There are 2 protein chains.
Amino acid sequence: MSVGHTEVTGGDAPAELSCAQDCGVRDVQDRLGDKWTVHVVVELAGGVRRFGELRRLVPGISQRMLTLTLRRLERDGLVTRTVHATVPPQVEYELTPTGHDLTRLVRALVDWSLAHRGSIAEARRAYDDRRRP
Amino acid sequence: MSVGHTEVTGGDAPAELSCAQDCGVRDVQDRLGDKWTVHVVVELAGGVRRFGELRRLVPGISQRMLTLTLRRLERDGLVTRTVHATVPPQVEYELTPTGHDLTRLVRALVDWSLAHRGSIAEARRAYDDRRRP
DNA sequence: CGGAATCCTCGAAGATACTG
DNA sequence: CAGTATCTTCGAGGATTCCG
């Protein structure tokens with residue numbers, strides 16, 4: 001099995017992982033690996049959401065982290081930010097097409113972890129028991 | 001679109017994301033999000049590897065981080081560790097079936113980032129240009 | 001060779017306070 | 001309401017040293 005390596009000469013396989021250290025994979029890892037992005041994306045998958053709405057939908061997130069998370073998503077073109085010049089102010093966030101495609105990856109993540117949740121927990125118990133008798 | 005929510009009563013959809021705060025998804029996020037696991041898994045996808053071999057195959061990784069990364073993978077039942085009582089010592093690592101399945105997720109990650117690499121870089125430039133004229 | 005133990009740095013994330 | 005600005009904490013990860 002080969003995860004990544006495409007022969008540069010004539011390959012049609014999907015990826016070469018080590019193209020000049022990571023070729024952008026780190027960006028995705030950083031988004032998917034941080035504490036809040038996945039949660040925010042999941043809520044945005046439900047449609048347009050306002051800032052305070054997201055704050056309520058993602059329990060435990062601080063105002064600061066919600067702002068940072070949304071800004072990063074916006075910067076990467078995964079989310080649009082629409083300011084309505086009303087009073088009080090009203091800001092709406094929505095997934096872009098690319099952002100929606102990200103939810104497919106998130107779903108793959110969730111599916112995988114659910115599929116192997118049991119075996120991992122078991123392996124972990126076994127390992128810990130071996131180490132701490 | 002709904003990424004996660006399965007009605008507990010009779011749903012057959014794949015996942016409920018907020019089952020008691022994350023239901024194991026964080027574990028996978030932590031592995032996939034950290035700095036080295038993906039690289040190590042990719043190399044192990046090529047077959048059995050010795051410690052020093054991995055050290056050479058994953059450029060930049062420290063001895064400590066390679067050890068930690070492998071231990072975590074072993075603890076989760078994704079990698080087996082085989083010590084040959086030779087001199088000098090020889091330790092071999094290999095993906096378990098679950099570990100091999102993890103490579104499918106890694107591949108999805110790599111594929112996604114390659115597919116959207118361009119649009120993300122572009123969005124990022126546009127965003128930065130808007131903010132710093 | 002394949003680690004374990006220790007020390008240190010630095011950035012992610014939390015808490016709090018202020019503002020257009 | 002939807003932020004920005006500061007300060008602080010905490011842990012991942014790096015460097016180094018020692019060991020069976």
Side-chain angles (χ1 to χ4, degrees), chain A residues 21-22 25-41 43-44 48-76 79-94 127-128 130-132, chain B residues 21-22 26-41 43-44 48-76 79-94 127 130-132:
Chain A
Q21 259 67 30
D22 263 346
V25 177
R26 265 252 57 93
D27 291 332
V28 187
Q29 280 183 274
D30 286 343
R31 287 314 96 239
L32 261 51
D34 75 3
K35 199 168 177 181
W36 299 111
T37 300
V38 166
H39 296 276
V40 171
V41 166
E43 295 307 329
L44 284 173
V48 179
R49 295 281 182 258
R50 293 183 52 183
F51 186 89
E53 208 171 348
L54 286 171
R55 192 148 164 47
R56 266 172 276 116
L57 288 168
V58 182
I61 196 170
S62 67
Q63 203 170 39
R64 174 181 135 84
M65 287 316 296
L66 181 55
T67 301
L68 283 180
T69 303
L70 287 168
R71 285 291 179 280
R72 288 191 285 237
L73 288 169
E74 188 195 359
R75 184 166 107 100
D76 288 352
V79 156
T80 59
R81 176 173 181 268
T82 311
V83 182
H84 299 279
T86 60
V87 46
Q90 178 166 351
V91 182
E92 290 181 333
Y93 293 91
E94 186 174 17
Y127 182 93
D128 293 345
R130 244 177 293 137
R131 288 249 146 184
R132 319 259 164 180
Chain B
Q21 261 66 32
D22 264 347
R26 265 252 57 91
D27 292 331
V28 187
Q29 279 183 275
D30 286 342
R31 288 315 97 237
L32 260 51
D34 75 3
K35 199 169 177 180
W36 300 111
T37 299
V38 166
H39 296 277
V40 170
V41 166
E43 295 306 329
L44 285 173
V48 179
R49 296 280 181 259
R50 294 183 52 182
F51 186 88
E53 209 172 347
L54 286 171
R55 192 149 164 46
R56 266 172 277 116
L57 287 167
V58 182
I61 196 170
S62 67
Q63 204 172 37
R64 173 183 138 85
M65 286 317 296
L66 181 53
T67 301
L68 283 180
T69 303
L70 288 168
R71 285 292 178 281
R72 289 192 284 237
L73 288 169
E74 189 196 357
R75 184 167 109 100
D76 287 353
V79 156
T80 60
R81 176 172 181 269
T82 311
V83 182
H84 299 279
T86 61
V87 44
Q90 179 167 349
V91 182
E92 290 182 334
Y93 293 91
E94 187 175 16
Y127 183 93
R130 243 177 294 137
R131 288 252 146 183
R132 318 260 165 178

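Letters A, B, ... are given to chains in the order of the sequence lines, protein chains preceding strands, and every chain is numbered from 1. Since this is a predicted model, take the numbers as computed values, not measurements.
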Using a 3.5 Å cut-off and no angle test, enumerate the donor-acceptor pairs between side-chain atoms of residues 56-63 of chain B and protein atoms at least two apart in sequence or in another chain.
{"from": "Ser62(B)", "atom 1": "OG", "to": "Met65(B)", "atom 2": "N", "distance (Å)": "3.1"}

**Request:** Rounded to the nearest angstrom, tell me the gap between atom CZ in Phe51(A) and atom P in dT4(D).
**Result:** 8 Å
**Item:** Nearest heavy atoms of Glu53(B) and Arg50(B), plus distance in Å
**Value:** OE1-N, 2.9 Å
**Prompt:** How close or far is atom P of dG2(C) from atom CZ of Arg49(B), stated in whole angstroms?
**Reply:** 14 Å
**Request:** Would you kindly give the CZ-to-C1' distance between Arg71(A) and dT4(D), to the nearest whole Å?
**Result:** 10 Å
**Request:** Assign a letter to each nucleotide of nucleotides 5-18 of chain D from its 5' end: B, base within under 4.0 Å of a protein heavy atom; S, sugar-phosphate only; -, no contact.
**Result:** -B------BBB---
**Asked** Does a nitrogen or oxygen in the side chain of Arg81(A) sit under 4.0 Å from OP1 or OP2 of dA2(D)?
**Response** no
**Item:** Min side-chain heavy-atom separation Thr82(B)-Val48(B) under 4.5 Å
**Value:** no
**Request:** Starting from the first five and the last five pairs of the helix from dC1(C)-dG20(D) to dG20(C)-dC1(D), work out the angle between the resulting helix axes, to 10 degrees.
**Result:** 40°
**Request:** Apply side chain to side chain contact (heavy atoms under 4.5 Å, CB included) to Val83(A) and list each qualifying residue two or more places apart in sequence or on a separate chain.
**Result:** Arg81(A), Val91(A)
**Message:** Between Arg55(A) and dG3(D), is there a contact of a side-chain N or O with OP1 or OP2 at under 4.0 Å?
**Reply:** no
**Prompt:** So, for Lys35(A) and His39(A), which heavy atoms are closest and what is the spacing to 0.1 Å?
**Reply:** O-CD2, 3.4 Å
**Prompt:** Which of the following nucleotides, dT4(D), dA2(D), dG2(C), is nearest to the side chain of Arg50(A)?
**Reply:** dA2(D)
**Message:** Tell me every residue that passes salt bridge (charged side-chain N to carboxylate O under 4.0 Å, His left out) with Asp34(A), counting only those two or more places apart in sequence or in another chain.
**Reply:** Arg31(A), Arg72(A)
**Request:** Grab the OH-P distance between Tyr93(B) and dC1(C) for me, whole Å please.
**Result:** 15 Å
**Fill in**
Heavy-atom closest pair (Leu66(B) atom, Phe51(B) atom, distance to 0.1 Å) is CD2-O, 3.5 Å
**Request:** Round to a whole Å and report the spacing from CG of Leu66(B) to C1' of dG2(C).
**Result:** 10 Å
**Request:** Name all residues meeting the salt bridge (charged side-chain N to carboxylate O under 4.0 Å, His left out) criterion together with Arg26(A); count only those two or more places apart in sequence or in a different chain, and write none if there are none.
**Result:** Asp30(A)
**Item:** Rounded distance (Å) that lies between atom P of dC1(C) and atom CG of Leu54(B)
**Value:** 14 Å
**Message:** Quick check: do Val79(B) and Thr69(B) have side-chain heavy atoms less than 4.5 Å from each other?
**Reply:** no
